[in-house]
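Input: a single structure, listed below in C-alpha cells.
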Amino acid sequence: MEGERREYETQNREIRSLKAESERIKQELQHQKQELEHRKNEILRKAREQADELYRSSRRETEAVLKELRKMKTDFDAKQLQAAAEAARKKLQKSFAAETPVPEGEPLTPQTAKAGQTVFLKSLGKDGTIIAVNGSEVTVQIGILKTTVKAKDCIAMRGKAKSNAAEENFGKKRKGFAHQFFVQKSIGARTEVDVRGMTMDEAIPAVDKAMDDALLAGLTSLRIIHGKGTGALKAGLTAYLSTHRAVKSLAEAPLSEGGSGATIINF
C-alpha cells in the first residue's frame, strides 16, 4: 500500500504538471487568437481607409474631368486654337527654313537693328522692314503681315537682288511642299476613327487628328466609333465637338453603321 501511495502521488504530480502546461498553452492560444483578431481588424481598417481614399481620389478626378469638359464646352476655341495655330506655324516655318537659301548679309543684332532697315527673316524666307525695336526683338513688316522675332533670327540685307531671287525660289518650293502635303493628307485620310476603350484625354487628340486629315482631304463627314458602354465617352465627345468651329452638325449613326455606338460629324 505504501508503494501504491507513492506511485499515486507521483502520477498526481505529473497530472498537475500536465494540467498547468495545458493551462499555459490554452492562455497562449487565447493570446494568439486575440492578436490575430487585432491584426485582422487593423487590416480591415486600413483596407477601408484605402478604399475610402481611392473613392475620394476617383471622385476628385471625375469632378476635375467634368469641370474641364464644362470649361472646354464654354471656353475652348480661343486658347486651344491659338496654341495649335502657333505650333503649326512653327512646324511649317521649320520645314520651309530647311530649304530656303539665305541671302548674303550680316547677322542682325539688337545694337545694329534700327527702324526702317530691310532685313531677311530666316524662319519665313522673306525680307521685310523693321518698324520697331524692342530690346532683343524686332517687329518686321512683311506686306500686310507684322511679326515679332528675335534680332538674331534676321539678316541685315546688303541688296535686293539676291533677296528677290531667294524669295522667288522659296515661293516655288513652298508651292511644291504644299501640294505634296495636301496629296499626302488626302491619301492618308480616313472616313472613320475608332476610339473605343480610350479615355477622353486619349480620344480627343485622335479625333482632332482624324478631323484635320478629313478636312484637308476635302471630306464632308467623319464617323466616330465610341461604342455604347456607360455613355460617358459619347457624352464627353459630344460636348467637345458641339463647340468645335469646324463641326456643322452631329448625328447618331444609322443602325447599319453602329447606331448609338457611333456619331457622324458633318463639317
Side-chain angles (χ1 to χ4, degrees), residues 50-95 174-267:
Q50 291 176 353
D52 290 343
E53 177 59 29
L54 180 61
Y55 170 76
R56 288 192 294 269
S57 176
S58 299
R59 185 171 180 177
R60 285 194 298 268
E61 291 179 3
T62 301
E63 289 175 350
V65 169
L66 290 174
K67 183 178 179 181
E68 184 66 20
L69 284 173
R70 294 189 193 100
K71 182 180 178 182
M72 288 166 61
K73 184 176 180 180
T74 57
D75 185 32
F76 173 79
D77 284 328
K79 292 182 179 179
Q80 295 278 348
L81 289 178
Q82 184 177 359
E86 183 65 18
R89 183 181 67 82
K90 289 181 179 179
K91 185 176 180 179
L92 287 174
Q93 285 179 356
K94 184 177 180 181
S95 299
R174 179 175 61 183
K175 290 178 181 177
F177 174 84
H179 175 72
Q180 183 182 5
F181 177 77
F182 283 110
V183 168
Q184 289 175 347
K185 285 295 182 183
S186 298
I187 294 174
R190 296 174 295 168
T191 58
E192 64 181 30
V193 56
D194 192 342
V195 295
R196 286 175 293 184
M198 295 185 183
T199 64
M200 278 296 295
D201 289 340
E202 296 168 337
I204 287 178
V207 171
D208 279 342
K209 183 180 184 304
M211 289 175 63
D212 290 342
D213 291 345
L215 287 168
L216 287 171
L219 301 180
T220 58
S221 64
L222 176 71
R223 183 167 70 113
I224 303 177
I225 306 172
H226 44 65
K228 297 179 181 179
T230 62
L233 183 59
K234 178 181 179 180
L237 289 172
T238 300
Y240 169 68
L241 294 169
S242 62
T243 59
H244 199 290
R245 291 182 178 179
V247 177
K248 180 179 180 181
S249 63
L250 298 172
E252 185 175 295
L255 288 176
S256 60
E257 297 182 15
S260 60
T263 298
I264 304 295
I265 302 175
N266 296 306
F267 300 122

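Just so you know, residue 1 is the first one in the sequence shown, and it goes up from there.
Contacts of S249 classified as side chain to side chain donor-acceptor pair (under 3.5 Å), with partners at least two apart in sequence or in another chain: N266. Taking the salt bridge (Lys or Arg N to Asp or Glu O under 4.0 Å) definition, one finds that E53 meets it with R56, R60, sequence neighbours left out. Applying the side chain to side chain donor-acceptor pair (under 3.5 Å) test to Q50 and every residue at least two apart in sequence or in another chain returns nothing. With sequence neighbours excluded, the residues satisfying side-chain contact (heavy atoms from CB on, under 4.5 Å) with V247 are M211, L241, H244, L250, I265.
One finds the OG atom of S260 at 8.5 Å from the CG atom of L255 (value rounded to the nearest 0.5 Å).
In this structure, V65 and E61 have side chains that are not in contact, with every pair of non-hydrogen atoms separated by 4.5 Å or more.
The nearest pair of heavy atoms linking L237 to A203 is CD2-CB, 4.3 Å.
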Distance-only criterion, 3.5 Å: show the donor-acceptor pairs between side-chain atoms of residues 214-230 and protein atoms not counting sequence neighbours.
from : atom 1 : to   : atom 2 : distance (Å)
R223 : NE     : E192 : OE1    : 3.3
R223 : NH1    : E257 : O      : 2.3
R223 : NH2    : E192 : OE1    : 2.4
H226 : ND1    : G261 : O      : 3.3
H226 : NE2    : T263 : OG1    : 2.8
T230 : OG1    : A232 : N      : 3.4

Identify each donor-acceptor pair in which a side-chain atom of residues 193-201 lies under 3.5 Å from a protein atom, sequence neighbours left out, and give them as a table.
from : atom 1 : to   : atom 2 : distance (Å)
D194 : OD1    : R196 : N      : 3.0
D194 : OD1    : R196 : NE     : 3.0
D194 : OD2    : R196 : NE     : 3.2
D194 : OD2    : R196 : NH2    : 2.6
T199 : OG1    : E202 : N      : 3.3

